[in-house]
Amino acid sequence: MITETIKLWDESSYKDTGNTHFKPTLDTYILGGDKKRGAVLICPGGGYNFTSPREAEPIALQFNAASYDAFVLNYSVNPNLHPKPILDLSKAMNIIRENADKWNIDNNKIAVCGFSAGGHLAASLGVHWDKSYLNGTPKMNKPNALILGYPVITSGDYAHRGSFNCLLGKNPGESVLLDMSLEKHVSSITPPTFLWHTSNDGSVPVENTLLFANALSENKIPFELHIYPDGPHGLSLANEETEENGMGVFPHVATWMQLCIQWLNLLFSL
């Protein structure tokens with residue numbers, strides 16, 4: 001396996017990107033060998049205030065076990081504000097595609113997976129990948145699929161305000177709030193999406209996922225949606241491996257990973 005930590009930006013770039021408090025990195029979990037594989041780029045959650053290790057390497061290893069290469073993005077968080085996190089994610093996608101031949105990755109089979117605020121980041125690239133401010137080569141940064149676990153989506157009535165405060169500052173303008181209310185920007189160029197949430201999530205209301213799923217449906221974008229009846233926010237794999245602070249183990253919710261891999265295999269015709 002090829003495991004390394006890649007700096008997203010060279011030192012001269014940090015002044016331009018504004019990453020003065022944190023230098024984002026990309027951790028690789030590349031299986032190697034002669035087989036050309038799909039890949040999953042993972043954005044851990046953390047309310048745009050930190051990135052959770054529970055939603056990083058444990059997730060990458062599960063995708064490795066399913067024969068996918070995996071990457072974990074340690075993206076910019078508060079006090080760095082929008083657009084720095086999405087610039088990091090767009091850059092990471094470009095790095096993966098630029099090195100696809102070397103790493104034996106199929107350029108047409110790269111998913112972005114995100115949890116909570118990381119789900120917001122993943123979905124942001126899914127709906128905004130073609131925006132000029134990302135300065136990416138056209139289609140080099142577009143995910144082929146999105147995987148969203150209990151994602152932050154809307155800046156409206158069901159918003160997780162803490163995430164938006166960390167991403168946008170405490171007094172953002174209406175235009176940027178609208179831009180980051182992602183259910184309003186789903187279109188025909190949004191990738192197919194796998195979504196899961198628990199209906200009694202006490203931190204990020206399940207309506208976030210439902211709003212995004214409804215927008216996908218309205219735009220005829222293929223998606224798979226799983227709403228589990230019970231479980232707190234931030235379950236990650238929902239098993240003993242990622243259990244923390246008495247959060248509990250939820251075997252029914254833990255089925256999401258197997259279902260996700262089945263969906264991804266079908267989508268990528270593996």
With a 4.5 Å cut-off on side-chain heavy atoms, are Phe71 and Trp103 touching?
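Touching, per the 4.5 Å side-chain cut-off.
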
Who passes side-chain hydrogen bond (donor to acceptor under 3.5 Å, both in side chains) against His233, sequence neighbours left out?
Ser116, Asp201

Under the side-chain contact (heavy atoms from CB on, under 4.5 Å) test, residues paired with Asn74 that sit two or more places apart
Phe22, Thr25, Asp27, Thr51, Val72

Tyr228 meets the ring pair (Phe, Tyr, Trp, His ring centres under 6.0 Å) criterion, sequence neighbours left out, with His252

How would you list, by chain and number, every residue that makes a side-chain contact (heavy atoms from CB on, under 4.5 Å) with Asn214, sequence neighbours excluded?
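Checked Asn214 against side-chain contact (heavy atoms from CB on, under 4.5 Å); matches are Glu218.
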
Closest approach of Ser187 and Asn219, non-hydrogen atoms and distance?
CA-OD1, 3.6 Å

Does the side chain of Val40 reach to within under 4.5 Å of the side chain of Leu264, using non-hydrogen atoms?
yes

Provide the closest heavy-atom pair for Asp179 versus Tyr133 in the form atom of the first, atom of the second, distance.
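Shortest heavy-atom separation between Asp179 and Tyr133 comes out as OD2-OH, 4.3 Å.
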
For residues 169-176, tabulate all N or O donor-acceptor pairs below 3.5 Å that involve a side-chain atom, not counting sequence neighbours.
none

Please say whether more than 12 non-hydrogen atoms of neighbouring residues, nucleotides or ligands are located less than 6.0 Å from CD in Gln258.
no

Counterpart residues, side-chain contact (heavy atoms from CB on, under 4.5 Å), relative to Ala122 (two or more places apart):
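In terms of side-chain contact (heavy atoms from CB on, under 4.5 Å), with neighbours along the sequence ignored, Ala122 is linked to Val112, Leu148.
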
Are side-chain heavy atoms of Thr242 and Leu235 found at a separation under 4.5 Å?
no

With a cut-off of under 6.0 Å to the ring centre and 45° to the axis, is Lys91 in cation-pi contact with Trp9?
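Pair Lys91/Trp9 counts as cation-pi.
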
